[in-house]
Amino acid sequence: MAPASSSEFNWGDALAELGGPSPGMLNIGVACADRHVAAGAGDRVAVRCLGRGRERRDITFRQLSDLSGRAAAVLAELGVRPGDTVAVLLGRVSGLFATALGIWKAGGIYCPLFAAFGPGPIRSRLELGRARVLITSDELYARKVAGARSSLPQLEHVLLLGEDGACAKVHPGCSDFGALMAAAQPAPSVSTRPDDPAFLHFTSGTTGTPKGAVHSHRAALAHLATARKVFGLTEADVFWCTAEPGWVTSTAYGVIAPLVCGATALIDEVDLEPRRWYGILHDENVTAWYTTPTAIRTMMRFGAALARSYRANSLRVAASVGEPLNCEAVLWGEKALGVPFLDTWWQTETGAIVIANAPGDGRRPGSMGRLLPGVEAAVMRCDGSEAKPVESADVVGELAIRAGWPSMFAGYLGDGKDPSPCFRYGWYFTGDLVRRDDDGFFWFVGRVDDMIKCGALQIGPFEVEAVLMDHPAVAEVGVVGKPDLLLREVPVAFAALNPGFDAGDALKTELLSFARQELGSTMAPREILFVAELPKTTTGKIMRRVLKAKAVGEPDGSDALSVQRPCPGRYDDE
Ligand code: AMP
């Protein structure tokens with residue numbers, strides 16, 4: 001099967017729409033706010049932020065343009081020059097938007113970090129990113145940064161941002177960002193070109209050490225195009241992306257995508273609470289919703305009846321990203337929400353959605369969907385030093401994308417002049433194993449480095465997980481390879497159970513024989529271990545290296561890394 005692409009699509013149209021004001025210039029901050037003000041839409045709500053008590057804070061495009069101009073002026077005054085990294089450690093607060101846009105207008109590189117990280121990961125990312133400025137809250141600074149400040153000599157300025165501009169406490173060695181912004185005159189954006197660096201995200205590290213991927217202003221072209229194609233976003237929409245700021249999904253679809261489309265970006269300060277989330281979907285007239293499989297599976301535990309009691313009449317479409325969305329979750333989501341529920345695939349390095357079950361293209365629950373326009377992709381088989389696109393359908397290979405799409409990362413930090421080894425023969429190798437069916441739908445198999453090498457067989461953990469997820473007792477499951485003298489590795493499963501099921505030997509035996517029946521004895525797990533919850537990254541991905549360590553009884557550091565809370569739900573469907 002030949003590489004998939006769509007030749008009629010032209011990225012030049014998106015550049016013509018977002019570029020300016022001077023020829024050859026593209027700045028995400030300008031494209032997100034000033035452009036709409038210039039077009040007469042300054043009074044429309046750009047951002048709606050919900051506080052803890054669900055109180056609303058609205059920011060119009062005019063206010064966002066003004067505030068981000070002030071932020072840019074403050075940063076320039078502090079000596080931030082084009083290409084400097086400005087780290088941001090904030091939750092989902094309204095100040096995040098003017099901060100990000102201000103960094104772009106000052107020509108800086110926006111580098112958001114997870115507020116859930118402890119001091120160690122924050123310090124290492126500040127060092128790796130060579131951040132000269134950090135923007136955070138007084139509370140996060142005191143808890144997570146102050147202790148390490150003396151070991152961060154390159155960090156020249158820390159700016160503290162309070163909600164509504166008021167900072168409760170200005171710690172020694174820090175400045176009040178809100179006060180500085182209030183005193184500043186809004187600065188016009190510096191002239192940035194499409195390929196100038198704009199944002200830096202560290203990959204989630206589900207299998208290894210996080211790496212910093214740099215993206216340019218050109219990425220906004222992909223955010224515009226994919227937001228329209230997958231979500232049908234227009235100025236009339238209220239778009240809710242639930243991602244935390246440290247995850248690339250927040251930068252791409254929490255901030256840039258809705259704003260370049262002129263829609264209202266909604267954020268909620270509070271983490272996942274099913275009743276609250278249904279209330280928000282309903283009361284805020286959310287039209288398009290982007291979340292994660294973990295979130296939808298948590299909501300499943302609360303039952304479809306609860307979802308239906310809040311049925312959000314404005315909602316048109318819901319979608320998820322980050323990990324495989326099993327067929328059951330798609331069908332449940334569609335029934336409970338009453339709208340199409342779409343899986344989308346992309347990663348930090350691709351910068352924007354690449355594969356999706358886009359409306360109008362036909363959907364296939366359980367698959368990641370089809371390739372979006374303007375991108376070329378192939379399923380590659382690697383033989384020694386050679387890589388060839390797979391010609392036939394349903395053959396497993398590594399997903400590769402032809403280099404040069406707008407939101408392609410420019411490289412990893414620290415790679416220097418050497419191109420990253422994931423770029424070969426003009427393709428970017430994603431590290432994900434997939435198969436493509438006859439109709440062009442891609443199916444996730446697993447990460448290359450997660451494959452379980454069992455005798456002559458390569459077992460994709462997701463295929464085993466998907467079968468176990470079909471059993472009513474299983475709420476979540478992670479499958480990894482455990483070293484085996486005879487077969488090299490055998491699959492073992494870690495399962496979290498739905499409420500009402502007894503984690504005893506009888507259920508273990510039942511699950512093992514259920515898996516053997518469905519998968520055959522080679523692919524079926526040899527052991528099942530019951531856990532209260534699976535270790536997850538801050539973006540909800542199962543940390544397989546922690547499970548692998550657990551499987552052989554080694555210390556795994558999971559206490560420091562797991563941030564998911566157990567869900568006290570029930571599964572009362574039908
Ligand atoms: P990150 O860069 O942290 O967002 O992680 C990207 C990785 O998440 C991808 O390489 C995949 O392994 C996984 N991923 C993202 N979306 C999906 C999806 N729809 N189905 C399966 N895996 C996914």
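Only this structure's heavy atoms are used, side chains among them; waters, hydrogens and symmetry mates stay out. Counting starts at 1 for both ligands and their atoms, following the listed order. Numbers for residues simply follow the sequence, beginning at 1.
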Peer 1: Given Ser367, Ala356, Pro324, which one has a non-hydrogen atom that is nearest to atom 21 (C) of ligand 1?
Peer 2: Pro324

Peer 1: Side chain or backbone, does Arg447 bring an N or O within less than 3.5 Å of an N or O on ligand 1?
Peer 2: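 It does: an N or O of Arg447 is found under 3.5 Å from an N or O of ligand 1.
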
Peer 1: Could you establish whether Asp343 and ligand 1 come within less than 4.0 Å of each other, counting only heavy atoms on the residue side?
Peer 2: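 The answer is yes, since Asp343 has a heavy atom less than 4.0 Å from ligand 1.
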
Peer 1: Short list, please: which atoms of ligand 1 are under 4.0 Å from a heavy atom of Met368?
Peer 2: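 It comes down to these atoms of ligand 1: 20 (N).
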
Peer 1: May I ask you to check whether Gln347 has an N/O atom sitting below 3.5 Å from an N/O atom of ligand 1?
Peer 2: yes

Peer 1: Apply the side-chain hydrogen bond (donor to acceptor under 3.5 Å, both in side chains) test between Glu323 and each candidate in Thr294, Thr292, Thr537; give the one that qualifies.
Peer 2: Thr294

Peer 1: Taking heavy atoms and a distance under 4.0 Å, where does Leu325 meet ligand 1: side chain, backbone, both or neither?
Peer 2: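 Contact part for Leu325 vs ligand 1: neither.
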
Peer 1: Hey, could you give me the CE/CG distance between Met380 and Leu399, rounded to the nearest 0.5 Å?
Peer 2: 9.5 Å

Peer 1: Any side-chain to backbone donor/acceptor pair from Lys144 onto Ala115? Under 3.5 Å, distance only.
Peer 2: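 Checking the backbone N and O of Ala115 against the side chain of Lys144, a donor-acceptor pair under 3.5 Å is found.
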
Peer 1: Does Asp432 reach ligand 1, in the sense of a heavy atom lying below 4.0 Å from it?
Peer 2: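 In this structure, Asp432 qualifies as a contact of ligand 1 - some heavy atom is under 4.0 Å.
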
Peer 1: Can a non-hydrogen atom of Trp346 be found less than 4.0 Å from any atom of ligand 1?
Peer 2: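 Within the 4.0 Å threshold, so yes.
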
Peer 1: Hey, are the side chains of Arg218 and Asp195 touching, using non-hydrogen atoms and a 4.5 Å cut-off?
Peer 2: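 Touching, per the 4.5 Å side-chain cut-off.
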
Peer 1: For ligand 1, indicate whether the residue Glu323 contacts it via side chain, backbone, both or neither (heavy-atom separation under 4.0 Å).
Peer 2: backbone

Peer 1: Looking only at the side chains, is there a donor atom on one of Glu349 and Thr203 sitting less than 3.5 Å from an acceptor on the other?
Peer 2: no

Peer 1: Nearest 0.5 Å, what's the CG-OG1 distance between Leu200 and Thr348?
Peer 2: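 Going from CG on Leu200 over to OG1 on Thr348, the span is 10.5 Å.
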
Peer 1: Which ligand 1 atoms, with their elements, are less than 4.0 angstrom from a heavy-atom of Thr344?
Peer 2: 16 (N), 18 (C), 19 (N)

Peer 1: Taking 4.0 angstrom as the limit and counting only heavy atoms of Lys541, give me the atoms of ligand 1 inside it, by number and element.
Peer 2: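 Close to Lys541: 1 (P), 3 (O), 4 (O), 5 (O), 6 (C), 7 (C), 8 (O).
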
Peer 1: Within the 4.0 Å heavy-atom shell around Gly322, which atoms of ligand 1 are there?
Peer 2: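 Under 4.0 Å from Gly322, ligand 1 has these atoms: 8 (O), 13 (C), 14 (N), 15 (C), 16 (N), 17 (C), 23 (C).
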
Peer 1: Would you check if there is a donor-acceptor pair between the side chains of Glu386 and Tyr425 at a distance under 3.5 Å?
Peer 2: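 No, no side-chain donor-acceptor contact under 3.5 Å.
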
Peer 1: Less than 4.0 Å is my threshold; does some heavy atom of His201 fall inside it relative to ligand 1?
Peer 2: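 No heavy atom of His201 comes that close to ligand 1.
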
Peer 1: Answer yes or no: does an N/O atom from Thr203 fall short of 3.5 Å to an N/O atom of ligand 1?
Peer 2: no

Peer 1: Please name the pair of heavy atoms, one in Phe442 and one in Leu371, separated by the smallest distance, quoted to 0.1 Å.
Peer 2: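 It is CE1-N, 4.1 Å.
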
Peer 1: Side chains of Tyr428 and Thr350: any donor to acceptor distance under 3.5 Å?
Peer 2: no

